[in-house]
Amino acid sequence: MIKRVLVVVVVALVLLPAAFWAVQRRLIYLPDPGPVPAAASVLPGAEDVRLRTADGLELGAWYLRPAGRDPAATVLVAGGNGGNRAGRAPLAAKLVAAGLAVLLLDYRGYGGNPGDPSEDGLALDVRAAHRFLTEDRRVPPGRLIYFGESLGSAVVTELALDHPPAGLLLRSPFTDLAAVGAEVYPYLPVRLLLRDRFPVKEQAARLRVPAVVVVGGRDSLVPPSQSREVAAAASARLVEIPGVDHNDPVLLDGPELVEAVLSLVPR
């Protein structure tokens with residue numbers, strides 16, 4: 001009986017990490033694959049635009065600017081690991097009402113887009129969005145703000161190393177993906193098994209751009225302590241909203257979030 005138990009334990013110790021290795025990206029990336037509705041049917045005046053990645057994918061995105069006036073700045077919004085751009089429409093509407101233009105990016109595999117998400121793939125996707133804004137829409141880098149939501153914080157932080165913006169808003173950032181994974185799967189050697197790393201804290205420490213970190217004080221997905229570490233590394237202003245969880249409405253499009261973005265608009 002003891003031998004049988006030991007065999008079961010050994011098999012479990014081998015098979016569980018192997019299974020995690022095989023399916024880990026399905027656990028990390030949780031896209032709503034779409035299709036999404038036409039941009040103007042959700043956000044009056046918005047455009048459906050196409051982004052071409054360096055590896056040949058064509059991605060759908062939504063672009064919206066305030067009517068009848070030049071925007072004070074343009075916000076590139078990189079979402080979290082779930083949903084698609086339609087879920088960020090309320091945020092876009094409030095930013096546009098405040099006088100900003102907005103590009104809502106959907107990664108590969110999200111919102112009807114082709115491809116499968118990965119760390120390298122998302123880096124190509126956000127660069128396609130950056131090229132669209134700076135080359136097609138002629139947005140000066142000094143008028144460009146990056147907004148990263150959770151996983152998107154990692155995406156825009158990495159972009160900012162090569163293409164520094166006027167300002168960087170990180171909402172609920174983690175220090176690195178393995179640190180979050182270890183919270184969810186404490187019984188697995190996540191740091192050894194993980195393919196995608198997203199080292200936000202390490203990269204944020206190398207940035208020299210104005211930054212704000214917004215965090216919910218009761219975030220149950222990304223420990224608030226990790227977001228505080230990122231803020232310290234980036235020398236960022238910390239906006240901590242007490243009693244708020246990761247996906248509470250105030251962290252999706254609440255006034256504190258909008259005000260944090262506006263605080264980064266160049267004067």
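Here the structure is a predicted model, which means the values were calculated and not measured.
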How many angstroms lie between CZ in F147 and CG in L170, if you round to the nearest 0.5 Å?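 Here the rounded value is 9.5 Å.
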
Quick one: CG on L105 to CZ on F132, what's the gap to the nearest 0.5 Å?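 Between atom CG of L105 and atom CZ of F132 there are 11.5 Å.
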
Answer with yes or no whether the hydrophobic clustering places [X] together with [Y]; edges join I, L, V, M, F, W, Y residues whose side-chain heavy atoms lie under 4.5 Å apart.
{"X": "L124", "Y": "L159", "answer": "no"}
{"X": "V139", "Y": "L169", "answer": "no"}
{"X": "V212", "Y": "V77", "answer": "yes"}
{"X": "V156", "Y": "L238", "answer": "yes"}
{"X": "L76", "Y": "V155", "answer": "yes"}

Residue pair R131, R52: steps toward the side-chain contact (heavy atoms from CB on, under 4.5 Å) verdict: CA-CA 9 Å; R131 282 195 304 275; R52 175 69 66 173; 5.6 Å; no

Can you find a pair of side-chain heavy atoms, one from [X] and one from [Y], that are under 4.5 Å apart?
{"X": "Y146", "Y": "H163", "value": "yes"}
{"X": "V265", "Y": "I145", "value": "yes"}
{"X": "V49", "Y": "D136", "value": "no"}
{"X": "L100", "Y": "P71", "value": "no"}
{"X": "L151", "Y": "Y29", "value": "yes"}
{"X": "E229", "Y": "P223", "value": "no"}
{"X": "D162", "Y": "R127", "value": "yes"}
{"X": "V214", "Y": "E256", "value": "no"}

Quick check on D248: does its CG atom have over 12 non-hydrogen neighbours (other residues, nucleotides or ligands) under 6.0 Å away?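 Above 12, so yes.
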
Step through the shown structure and confirm whether more than 12 heavy atoms of other residues, nucleotides or ligands are within 6.0 Å of CZ on R218.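 12 or below, so no.
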
Are D55 and R108 close enough for a salt bridge, meaning some N to O gap below 4.0 Å?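 So D55 pairs with R108 through a salt bridge.
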
Charged N to carboxylate O below 4.0 Å: is that the case for R88 and D253?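 Between D253 and R88 there is no salt bridge, as every charged N stays at least 4.0 Å from the carboxylate O atoms.
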
Any idea which heavy atoms bring [X] and [Y] closest together, and the distance?
{"X": "V209", "Y": "P164", "value": "CG1-CB, 3.9 Å"}
{"X": "P117", "Y": "L122", "value": "CB-CD1, 3.8 Å"}
{"X": "N113", "Y": "G60", "value": "OD1-N, 2.6 Å"}
{"X": "L104", "Y": "A92", "value": "CD1-CB, 3.9 Å"}
{"X": "A101", "Y": "R65", "value": "CB-CB, 3.8 Å"}

Sole candidate of Q226, R191, R197 that passes side-chain hydrogen bond (donor to acceptor under 3.5 Å, both in side chains) when paired with D176: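 Only one option passes, and that is R191.
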
Are the side chain of [X] and the backbone of [Y] linked by a donor-acceptor contact shorter than 3.5 Å?
{"X": "K94", "Y": "V258", "answer": "no"}
{"X": "S227", "Y": "P173", "answer": "yes"}
{"X": "R237", "Y": "A260", "answer": "no"}
{"X": "D48", "Y": "A38", "answer": "no"}
{"X": "D219", "Y": "L221", "answer": "yes"}
{"X": "R138", "Y": "T134", "answer": "no"}
{"X": "Y107", "Y": "V126", "answer": "no"}

How would you list, by chain and number, every residue that makes a salt bridge (Lys or Arg N to Asp or Glu O under 4.0 Å) with D106, sequence neighbours excluded?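 Applying salt bridge (Lys or Arg N to Asp or Glu O under 4.0 Å) to D106 gives R85.
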
Do the side-chain N and O atoms of T74 and R137 include a donor-acceptor pair separated by under 3.5 angstrom?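 Distance-only check fails for T74 and R137.
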
State which residue, out of H246, E183, R171, fulfils the side chain to side chain contact (heavy atoms under 4.5 Å, CB included) condition with V222.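 Exactly one option meets the side chain to side chain contact (heavy atoms under 4.5 Å, CB included) with V222, and it is H246.
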
Check L95, L91, V102 against V261 for a side chain to side chain contact (heavy atoms under 4.5 Å, CB included) and give me the one that passes.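 Among L95, L91, V102, the one that satisfies the side chain to side chain contact (heavy atoms under 4.5 Å, CB included) with V261 is L95.
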
For L177, side chain to side chain contact (heavy atoms under 4.5 Å, CB included) partners two or more places apart: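 Here the qualifying residues are I28, F174, L194, D196, F198.
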
